[in-house]
Q: 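Supplied in structure tokens, the structure appears directly below.
Protein chains get the first letters and strands the later ones, always in sequence-line order, with residue 1 at the start of each.
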Amino acid sequence: MELIVQRRIKQVLKGDQNAFGEIVELYKDKVYQICFRMLWDRHEAEDAAQETFIKAFVNIHTYDPEKKFATWLYRIATNLCIDRIRKKKPDYHLDAEIAGTEGLNMYSQVASTEELPEEAVENLELQEVIQSAIFNLPEKYRSVIVLKYIEELQLQEIADILELPLGTVKTRIHRGREALRKYLRNM
Amino acid sequence: MCEIMASCQKEIVRLMHNYLDGELFSGEQQKLKAHLQTCNDCRQHFLELKKTIALVQSMSHIGAPERFTEEVLFALPKETRVIGIQRWIRRHPFFTAASLFLALMTGGLLSTWQQEANHFAFTKYNNLQVENDTVVVPAGEQVKGDIVVENGDIRVEGEVQGDVTVINGEQYMASAGRVTGEIEEIDEAFGWIWFKLKKAVTGVFD
């Protein structure tokens with residue numbers, strides 16, 4: 001796959017837009033998946049994934065063909081997602097208490113504003129529960145968990161994508177796993 | 001959790017994670033295995049971690065929405081045009097330089113043309129007469145040389161021994177009038193530029 005991609009990139013550098021279309025086709029699902037698991041919102045994920053490819057196209061001349069293209073592309077995607085997560089702060093973790101409303105958290109907010117029957121909240125599909133557990137992770141753990149267990153990447157590749165030392169990636173994965181365990185142990 | 005072994009708990013958890021990352025030496029593996037066989041809490045912890053991973057990995061893969069690629073490509077055109085122009089310039093340096101030169105030349109001349117647009121002027125000769133914006137070569141008079149009239153008319157009743165050029169105006173020839181050289185009327189900006197260029201070029205060769 002890398003070989004085809006390298007050839008397409010050369011064509012893109014010569015101004016061939018259709019060649020870029022082929023690159024988008026090859027990576028769109030993986031990039032969209034990273035964005036969706038990080039942001040947990042279809043529209044936001046689509047926006048972020050599109051932005052990723054547009055940014056890649058505009059900056060294609062800065063890509064080093066000696067390195068893996070996917071690493072470069074996923075770095076753009078994760079950085080854009082992390083930016084979006086940070087901009088949205090203060091974050092709204094579901095079980096975080098809302099200031100001045102003792103005992104009231106986002107679960108009750110969701111239930112009251114959208115008037116979901118209690119059972120509907122309780123019967124969230126398993127997938128939703130797992131996704132919410134991932135979404136509840138702080139963004140530095142969320143990105144490593146998504147890359148490791150959803151994209152199934154090697155630790156070294158994750159370190160390259162996030163431009164972090166390998167040791168830091170390992171620590172974050174360990175902590176991310178522990179945090180997830182607390183959410184999911186009773187499933 | 002593993003209260004009796006609280007001091008070793010941290011170390012065991014570290015081994016668990018290293019195991020999950022596939023990075024345990026065989027000695028460490030033995031140590032972890034032996035501990036898990038004797039400590040229920042740690043075994044529970046380890047099973048929960050494995051279950052957590054299995055749950056996360058069980059998530060169905062989702063794909064990009066329909067028409068995703070088209071929409072990305074649709075968002076690009078502006079960039080390609082800029083890149084296209086840049087690439088074209090890189091490939092045709094001579095043509096670019098030449099057209100840039102022409103553009104600047106024309107621009108400079110055009111602004112001169114606009115500045116001069118309303119200014120009535122003509123080549124001075126002692127025997128020329130002026131009636132409003134009309135230059136008159138009186139009957140019986142002889143003008144030795146070229147006459148240029150800008151933003152006005154010329155009426156030739158006498159004789160001009162040379163060329164007559166009228167810019168933004170008209171020339172009238174009386175029946176007795178005579179011009180030995182060429183008579184030219186220039187109204188359009190393009191003609192005017194051509195005239196100036198011609199003058200500049202003949203000036204170079206003079």
Side-chain angles (χ1 to χ4, degrees), chain A residues 12-18 20-25 27-33 35-37 42-43 45-46 49-54 56-58 60-61 126-127 129-131 133-134 145-146 148-152 155 170-171 173-187, chain B residues 1 9-24 32 41-92:
Chain A
V12 173
L13 283 167
K14 285 180 195 156
D16 184 347
Q17 211 170 310
N18 287 341
F20 191 72
E22 284 185 53
I23 293 174
V24 177
E25 276 296 309
Y27 289 101
K28 63 176 184 179
D29 290 340
K30 300 233 175 207
V31 167
Y32 178 75
Q33 173 130 285
C35 296
F36 180 74
R37 296 303 180 198
R42 289 192 181 273
H43 288 292
E46 190 174 350
Q50 280 195 10
E51 207 182 330
T52 299
F53 284 109
I54 292 166
F57 180 82
V58 173
I60 194 81
H61 56 279
L126 180 62
Q127 295 257 328
V129 176
I130 302 167
Q131 174 63 59
I134 293 172
I145 291 290
V146 167
K148 166 110 178 123
Y149 289 112
I150 293 170
E151 296 295 335
E152 296 171 327
L155 293 179
K170 281 183 193 169
T171 308
I173 285 180
H174 295 187
R175 293 196 181 144
R177 271 195 298 243
E178 286 298 334
L180 282 178
R181 181 182 73 95
K182 279 167 194 149
Y183 287 113
L184 298 173
R185 63 202 284 185
N186 297 320
M187 289 301 304
Chain B
M1 205 170 289
Q9 175 69 14
K10 225 180 150 186
E11 169 66 6
I12 295 299
V13 171
R14 192 185 65 82
L15 290 181
M16 288 181 201
H17 284 286
N18 284 349
Y19 171 84
L20 293 170
D21 289 337
E23 295 188 335
L24 269 196
L32 178 63
D41 287 345
C42 282
R43 190 162 62 242
Q44 178 67 21
H45 188 145
F46 185 63
L47 289 175
E48 282 172 10
L49 279 175
K50 288 183 97 170
K51 188 173 105 182
T52 300
I53 293 167
L55 282 172
V56 173
Q57 285 177 324
S58 78
M59 292 230 282
S60 50
H61 280 211
I62 47 163
E66 272 181 51
R67 298 184 42 76
F68 181 85
T69 306
E70 287 98 310
E71 274 165 37
V72 168
L73 291 181
F74 184 73
L76 300 179
K78 269 184 201 161
E79 279 305 319
T80 40
R81 243 186 98 210
V82 171
I83 286 165
I85 291 166
Q86 286 172 348
R87 194 177 50 249
W88 193 89
I89 286 172
R90 272 200 303 273
R91 283 194 194 162
H92 303 89

Q: Should the heavy atoms of other residues, nucleotides or ligands under 6.0 Å from NE2 of A:His61 be counted, would the total exceed 12?
A: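 Result for NE2/A:His61: enclosed.
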
Q: Side chain, backbone, both or neither: which part of A:Gln131 has a non-hydrogen atom closer than 4.5 Å to chain B?
A: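 Its backbone and side chain both get close to chain B.
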
Q: Checking heavy atoms, do the side chain of A:Leu155, its backbone, both or neither come under 4.5 Å from chain B?
A: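 Side chain only.
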
Q: For B:Glu66, look at atom CD and say whether over 12 heavy atoms of other residues, nucleotides or ligands are found less than 6.0 Å away.
A: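 Open.
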
Q: May I ask you to decide whether A:Glu178 forms a salt bridge with A:Arg175, counting only side-chain N to carboxylate O separations under 4.0 Å?
A: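 Result for this pair is no, no salt bridge flagged.
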
Q: Side chain from CB out, backbone as N, CA, C, O: work out which of these in B:Gln44 comes under 4.5 Å of a heavy atom of chain A, or both, or neither.
A: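 Answer is neither: B:Gln44 stays 4.5 Å or more from chain A.
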
Q: Applying side chain to side chain contact (heavy atoms under 4.5 Å, CB included) to A:Arg185 and B:Thr52, what does each step give before you reach the verdict?
A: CA-CA 7 Å; A:Arg185 63 202 284 185; B:Thr52 300; 5.8 Å; no

Q: Assign the ring pair B:His17 / A:His174 to parallel, tilted or perpendicular, where the plane angle (0 to 90°) is split at 30° and 60°.
A: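 Because their plane-to-plane angle is under 30°, the rings of B:His17 and A:His174 count as parallel.
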
Q: Heavy-atom pairs under 4.5 Å with chain A: which of B:Ile53, B:Leu47, B:Asn18 has the most?
A: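 Most pairs with chain A among the choices: B:Ile53.
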
Q: Is atom NZ of A:Lys28 surrounded by more than 12 heavy atoms (other residues, nucleotides or ligands) closer than 6.0 Å?
A: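 More than 12 heavy atoms, drawn from other residues, nucleotides or ligands, come within 6.0 Å of this atom.
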
Q: May I ask you to name which of A:Gln33, A:Arg37, A:Glu25 has the most heavy-atom pairs under 4.5 Å with chain B?
A: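 So the answer, after comparing A:Gln33, A:Arg37, A:Glu25, is A:Gln33.
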
Q: Is chain B contacted by the side chain of A:Lys148, its backbone, both, or neither, given a heavy-atom distance below 4.5 Å?
A: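 For A:Lys148, side-chain heavy atoms alone lie under 4.5 Å from chain B.
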
Q: Name the option with the most non-hydrogen atom pairs under 4.5 Å to chain A; the candidates are B:Asp21, B:Val56, B:Leu20.
A: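 Greatest number of close heavy-atom pairs with chain A: B:Asp21.
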
